[in-house]
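Reviewing the structure listed below.
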Amino acid sequence: MKKNYKFLAMILALALAGGCGKTDKTETKAEPAAETAGSVTVGFSQLGAESDWRNANTESMRETFTAAAGYNLVFEDGQQKQSKQITAIRSFIQQNVDYIVLAPVTQDGWDSVLMEARDADIPVIIVDRMVDVSVPDLFTCWVGSDFYLEGQKACEWLYRHAATQGVRGHDLHIVDIQGTLGSSAQIGRTRGLEEYCKRYGWDLRGETSGDFTQAKGREVMAQMLVTYNNVNVVYCENDNEALGALEAIEAAGKHAGGDLQAGDILVVSFDGVNETAIQYCLDGTIGCIVECNPLHGPRVKSIIDTLEAGQMPDKLEYVSETLYSSFGSVDSVSIGGESYPVTILTQEVIDNRQY
Ligand code: AHR
């Protein structure tokens, strides 16, 4: 029953993209086997299950796209492999789904399969990480985080926090446990750090991927503590890596905390989903966490509602996110003339969060 709305949306999308001469898919598509009459079929290619953030993201999609709400969700786990995600998208095209939702593991390498989806007239919604494509009309729209801004927020907080203790730029000896290499989350967060290192003369000792996992975070941090004897800041590109880094710091007989003058290792992190990490931020073991919001299910639903109504959603939708610290050292950070408050983490703040 929603095919008419969808067709109108596609006409509008093609007109906006300057496309012409496409096949009318309402005439050529076969009905997907598993679709319940009247439901909207959404093929979701999730990139994996590497972190608590990812699990919360999957849960948000599953909770939103239920049969009771009128959806038929076809979920595929890419297990961190782009090839698996490409296979999943091809299978969605064959199943003639109404919408494809893609959470891409890396930025590059999507052109061919997205052309296939475009040729099949299936709208593609990119969620969370971004894709780098040769022409913008290879996807309908994207919703997610500004990872570069997240990195800048973390670094500005670090700059200001260190300044309150009289610690100069070249006395910050930093290691970066990066996320999955080539993912936009890693690219944006690493870029933020590298720029601040250049700007303030921070000593960037090493950068190694921890694949956004706790086990790899521990392994990488343990090695870095052996290789570099003066590390006093670890920039973890997500909370699971931070938890692993904390294990390595403890095993090395060192102390994580906010007092750089006393010899603490200052931990900076991203996400704010894992409960233990949040508690570590509350007690000062982690210096600050830049939120990365995983609850994209309702956002994707709102995009689909817009398309079903024959309208075009915004091409890019950035989620606004909070910066948490339990230290009162920095009350806001300023980036590009914009001021972002630091939310002082308390138990009450934690209790009122959505996840
Ligand atoms: O793309 C979002 C990132 O991916 C989250 O920060 C991380 O935890 C996840 O694995």
> Just how far is it from atom CG of Leu158 to atom CG of Leu193, taken to the nearest 0.5 Å?
Replying inline: 8.5 Å
>> Nearest 0.5 Å, please: how far is SG in Cys197 from OH in Tyr235?
In response: 9.0 Å
> Among all residues two or more places apart in sequence or in another chain, which pass the side-chain contact (heavy atoms from CB on, under 4.5 Å) test with Lys84?
Replying inline: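 For Lys84, the residues satisfying side-chain contact (heavy atoms from CB on, under 4.5 Å) (neighbours in sequence not counted) are Gln79, Lys81.
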>> Run the side-chain contact (heavy atoms from CB on, under 4.5 Å) test against Thr66 and tell me which residues pass, sequence neighbours left out.
In response: Ala68, Ala69
> With a 4.0 Å cut-off, would you call Asp176 and Arg189 a salt bridge?
Replying inline: no
Are side-chain heavy atoms of [X] and [Y] found at a separation under 4.5 Å?
X	Y	result
Asp305	Lys301	yes
Val273	Asn55	no
Met61	Gln46	no
Leu181	Gln186	yes
Val342	Cys288	no

In the hydrophobic clustering that connects Ile, Leu, Val, Met, Phe, Trp and Tyr at side-chain heavy-atom distances below 4.5 Å, which members other than [X] occupy its cluster, ordered by chain and number?
X	result
Val226	none
Leu345	Val175, Ile177, Val220, Met221, Met224, Leu225, Tyr228, Val231, Val234, Leu243, Leu246, Ile249, Ile265, Val267, Ile278, Tyr280, Leu282, Ile286, Ile289, Tyr324, Val349, Ile350
Val105	Leu47

[X]: side chain to side chain donor-acceptor pair (under 3.5 Å) partners, not counting sequence neighbours:
X	value
Ser320	none
Glu116	Arg90
Asp314	none
Asp331	none

Under 3.5 Å donor-acceptor, [X] side chain and [Y] backbone:
X	Y	result
Asp239	Gly272	yes
Ser39	Gly70	no
Glu321	Asn293	yes
Trp53	Cys292	yes
Glu241	Phe212	yes
Ser209	Gly179	yes
Ser60	Gly297	yes
Asp111	Val133	no
Asn232	Asp171	yes
Ser326	Cys281	yes

Side-chain donor-acceptor contact under 3.5 Å, [X] with [Y]:
X	Y	answer
Asp211	Thr213	no
Asn230	Arg205	yes
Asp351	Gln347	yes
Glu156	Tyr196	yes
Glu194	Thr190	no
Glu50	Asn240	no

Would a hydrophobic clustering, with Ile, Leu, Val, Met, Phe, Trp and Tyr connected at side-chain separations under 4.5 Å, put [X] with [Y]?
X	Y	value
Ile174	Tyr148	no
Ile126	Ile187	no
Phe270	Val319	no
Leu323	Ile344	no
Val131	Ile122	yes

> What's the shortest heavy-atom distance between Pro313 and Leu307, and which atoms?
Replying inline: CD-CD2, 3.6 Å
> Which atoms form the tightest heavy-atom contact between Gly210 and Lys216, and what is the distance?
Replying inline: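 That closest heavy-atom pairing would be O-CB, 3.0 Å.
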> What's the verdict on side-chain contact (heavy atoms from CB on, under 4.5 Å) for Ile303 and Thr306, showing C-alpha distance, side-chain angles and the deciding distance?
Replying inline: CA-CA 5 Å; Ile303 288 169; Thr306 302; 5.6 Å; no
>> I'd like to know whether CD of Glu348 has more than 12 heavy-atom contacts from other residues, nucleotides or ligands below 6.0 angstrom.
In response: no
> Between Phe65 and Tyr71, how do the two ring planes meet: parallel, tilted or perpendicular, split at 30° and 60°?
Replying inline: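 Plane angle over 60°, so perpendicular.
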>> Can you classify the ring geometry of Trp157 versus His161 as parallel (below 30°), tilted (30 to 60°) or perpendicular (above 60°)?
In response: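 Plane angle under 30°, so parallel.
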> Distance under 6.0 Å and angle within 45° of the ring axis: does Arg62 meet both against Phe75?
Replying inline: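 Judged by the rule (NZ or CZ under 6.0 Å from the ring centre, within 45° of its axis), Arg62 counts as positioned above Phe75.
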>> Trp110: which residues meet the ring-ring contact (aromatic ring centres under 6.0 Å, His included) condition with it, sequence neighbours left out?
In response: none
> So Ser183 and Phe147, side-chain contact (heavy atoms from CB on, under 4.5 Å) or not? Walk me through it.
Replying inline: CA-CA 10 Å; Ser183 68; Phe147 300 110; over 6 Å; no
> Does the pair Arg160 and Thr164 meet the rule for a side-chain contact (heavy atoms from CB on, under 4.5 Å), with working shown?
Replying inline: CA-CA 6 Å; Arg160 288 173 171 273; Thr164 63; 5.7 Å; no
>> By the ring-ring contact (aromatic ring centres under 6.0 Å, His included) test, which pairs, at least two apart or in different chains, include something from residues 111-143?
In response: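 Listed by first then second residue: Trp142-Tyr318.
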>> Under the side-chain hydrogen bond (donor to acceptor under 3.5 Å, both in side chains) definition, can you give me all pairs with a residue in residues 244-259, not counting sequence neighbours?
In response: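 Found Gln214-Glu247, Arg218-Glu247, His255-Asp264.
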>> side-chain contact (heavy atoms from CB on, under 4.5 Å), that's the test. Do Leu149 and Val290 meet it? Break it down for me.
In response: CA-CA 10 Å; Leu149 178 62; Val290 180; over 6 Å; no
